[in-house]
There are 2 protein chains.
Amino acid sequence: MAKVTIKDVAREAGVSISTVSKALNDVNVVKPDTKKRILEVAQRLEYSPNLIGQRLKSGSTQTIGFFTSSVTGPYFSLLMDALAHFSEKSGYGLNVYISSDRHQIMNTIRGNLFDGVLLFDLVISDQDLEILNSEKMPVVFLDRKYTSEYATSVIFDSFQAGYDVGNYLLNLGHRKIAYIAGFEGVYDSEQRLAGLRKAMAERSLAIPASYLLQGLFEEEAAYNAVLSFIRSARLQGTEIPTAFVAGNDISAIGAMKALKHEGYNVPEDVSVTGFDDIDIAEYFNPALTTIRNPIAAQARQSIQLLLQLVKGERNVAAKVLPGELIIRKSARNI
Amino acid sequence: MAKVTIKDVAREAGVSISTVSKALNDVNVVKPDTKKRILEVAQRLEYSPNLIGQRLKSGSTQTIGFFTSSVTGPYFSLLMDALAHFSEKSGYGLNVYISSDRHQIMNTIRGNLFDGVLLFDLVISDQDLEILNSEKMPVVFLDRKYTSEYATSVIFDSFQAGYDVGNYLLNLGHRKIAYIAGFEGVYDSEQRLAGLRKAMAERSLAIPASYLLQGLFEEEAAYNAVLSFIRSARLQGTEIPTAFVAGNDISAIGAMKALKHEGYNVPEDVSVTGFDDIDIAEYFNPALTTIRNPIAAQARQSIQLLLQLVKGERNVAAKVLPGELIIRKSARNI
DNA sequence: TAGTTTTTTGAAAACGTTTATATTTTTCGA
DNA sequence: TCGAAAAATATAAACGTTTTCAAAAAACTA
């Protein structure tokens with residue numbers, strides 16, 4: 001009992017396959033009687049069209065590809081859920097493709113499986129990007145600013161986020177602020193730092209080099225960085241900052257644990273902030289003051305821009321979404 | 001500049017398309033010289049095969065479909081990440097399809113897009129399942145026990161988990177234990193309760209009806225349930241349980257907040273446990289004692305069983321994976 | 001060198017659809 | 001009732017591949 005095709009339906013209904021196709025696709029040209037008969041036969045035989053055949057012929061797939069290298073982090077469920085929701089609402093299927101194999105990824109994107117693609121956290125060369133553009137493949141980046149004829153992006157304003165956190169702490173009276181960075185060269189980490197620096201510069205303040213710690217965006221690395229920083233500061237009798245701005249929430253947690261371990265109370269003795277507003281931020285003690293990015297909005301906008309591209313618009317402008325300062329308990333006035 | 005096809009390569013290389021196909025697919029029959037020439041041309045023209053064409057012809061897609069209705073919950077990133085990892089390792093692509101539209105889902109599964117599918121948290125009728133089976137579509141369920149000729153499942157042993165938590169608390173000396181249930185009829189919630197009951201029954205103990213609370217697997221609902229339970233118990237002068245087994249972690253957190261609000265310290269005055277081991281469990285204060293399910297193992301097994309089915313094995317036995325008790329701070333001896 | 005075998009290449013069919021065009025059937029007017 | 005117009009249906013091509021089988025080219029053999 002192989003899978004029933006349009007041919008089987010045609011034979012069973014005593015009609016040609018083109019008529020079946022028209023009946024099924026509601027092309028208003030087939031006689032009501034025959035159409036009814038065909039539909040009945042199709043139902044009885046439990047016919048379900050071969051999507052591959054359809055797609056090959058039509059050239060359109062009504063599906064969006066979401067490509068990413070990994071799915072870790074809480075950011076993800078939220079993003080994917082929203083993406084799925086908005087694409088479904090627009091009548092498009094969403095396919096998530098997870099891989100770090102550049103060649104595989106390009107092959108899949110270029111395999112005519114998708115009407116357009118969303119790209120996140122991928123290693124793709126400029127040359128690859130050009131190929132995509134030359135093949136008129138609609139692309140939206142979720143992790144970097146980029147625009148071309150067939151590509152655009154929807155990202156968060158990490159600079160502004162850093163600036164906002166900076167001003168918040170400065171308004172609370174902090175003057176000595178340390179920054180716990182992510183991996184060297186990570187865009188978000190650097191933008192956040194740049195924003196923070198700008199806020200400080202506006203008040204003629206600066207972050208000394210010794211206040212720049214390496215937290216690698218990880219709890220343990222941040223813990224160790226803060227621990228050794230404090231200890232060596234004590235040893236040298238130098239002053240400890242009144243506030244730590246961590247590059248993300250998880251390193252903020254590492255920082256708080258280190259501070260607690262060294263006998264400092266957060267926020268009484270020292271303030272700590274993060275970025276991202278992960279689940280834990282709210283439940284940790286003290287609850288973490290941080291910046292929340294509008295993930296659902298990013299998903300909605302991405303789908304919207306991508307579909308504009310799919311429908312023929314060109315040079316669609318990129319969007320930069322502002323984050324929101326979530327004030328909790330981990331920072332207070334000095 | 002339309003996308004280059006195998007025809008373009010053939011023309012440019014002065015050869016037929018069948019030869020190009022053979023050269024590209026490394027069928028060892030084309031003369032080294034021509035092969036080299038073809039490969040060069042393909043590279044120069046940046047040829048990338050149309051996957052739809054390939055798939056239509058070959059009937060195989062080398063991809064696995066993962067179908068689910070929603071992506072919420074921390075369980076997800078972990079599962080997806082592991083799934084992606086293991087499918088890639090097996091040489092299969094993973095496509096995640098998120099939808100609640102039963103008709104859409106069936107259409108997509110039956111559309112010959114996948115060599116096999118993973119199903120989670122979907123509303124699919126028995127009739128649909130029969131159709132899939134009659135079409136020889138390999139299926140693995142991740143949320144319910146099911147086996148048929150072409151289907152099997154990989155699930156967690158919620159009964160055993162409840163039993164283990166029960167014994168743990170009983171060994172700590174607890175005798176009065178309450179259970180905070182999920183939605184009425186939710187399989188996991190009921191299994192966990194059944195396991196707990198068995199552990200108690202083995203010591204001739206039972207859970208009185210008044211100790212069964214409705215937490216809906218949500219923080220707030222659990223909070224409210226526990227709050228009103230405590231208050232009415234106080235009012236009536238009845239005894240309060242020494243331990244609360246919450247149906248999942250998030251309701252355990254709701255319970256702990258309610259207890260704290262009413263002046264009870266966890267775990268000094270009363271013990272609380274959860275199920276799932278979500279991120280927050282470790283960071284909450286007190287850190288939650290709970291059961292962790294081996295998600296990566298589930299992913300690995302699912303892919304493995306699915307591929308057995310894909311490769312022609314029949315009636316593959318279902319797997320039931322045991323959870324692991326993670327002892328932290330929220331429960332202690334009495 | 002001619003015949004034979006082996007290697008290499010090409011033509012054509014096939015996968016399951018949709019759609020343009022051709023053909024048949026029906027309807028309608030005179 | 002016949003012919004023309006309109007409606008319905010069928011035939012065939014096409015989408016981009018792979019694969020079977022036939023044909024051509026190359027390599028041997030005697």
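Naming convention: chains lettered A, B, ... in sequence-line order (proteins, then strands); numbering from 1 in each chain.
- B:Y75 and B:F120 have their aromatic ring centers within a separation under 6.0 angstrom.
- Atom CG in A:D8 sits about 11 Å away from atom C1' in C:dG16, given to the nearest Å.
- With A:L119 as reference, A:I109 is the one residue of A:V140, A:L142, A:I109 to meet the side chain to side chain contact (heavy atoms under 4.5 Å, CB included) rule.
- Under the 3.5 Å distance criterion, with hydrogens and angles disregarded, a donor-acceptor pair is assigned to the side chains of B:S99 and A:E88.
- Using a 4.0 Å heavy-atom criterion, one finds that A:S58 contacts no nucleic acid atom at all.
- A distance-only check finds a donor-acceptor pair linking the side chain of A:E190 to the backbone of A:G185 [under 3.5 Å].
- Counting only N and O atoms by type, the side chains of B:T19 and B:S16 include a donor and acceptor under 3.5 Å apart.
- In this structure, the ring of A:F86 has its center no less than 6.0 angstrom from the ring center of A:Y92.
- The CD1 atom of A:I6 sits 12 Å away from the P atom of D:dA10 (whole-angstrom rounding).
- Contacts between residues 107-115 of chain B and DNA chain C, defined by a heavy-atom separation under 4.0 Å, are absent.
- For the residue pair A:T63/A:N95, the side-chain donor-acceptor check at 3.5 Å is not satisfied.
- With rounding to whole Å, A:N25 atom CG is found 16 Å from D:dT9 atom P.
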Next on the checklist: Test salt bridge (charged side-chain N to carboxylate O under 4.0 Å, His left out) on A:K36 and A:D33; report intermediate values, then the result.
Outcome noted: CA-CA 5 Å; A:K36 183 154 167 280; A:D33 277 6; over 6 Å; no
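- A:K3 has its NZ atom 14 Å from the P atom of C:dC15, to the nearest Å.
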Item to check | Contact pattern, 5' to 3', of nucleotides 5-14 of chain C - B, S or - by protein heavy atom under 4.0 Å | outcome: ---BBBB--B
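- Rounded to whole angstrom, the span from the CZ atom of A:R11 across to the C1' atom of C:dG16 amounts to 14 Å.
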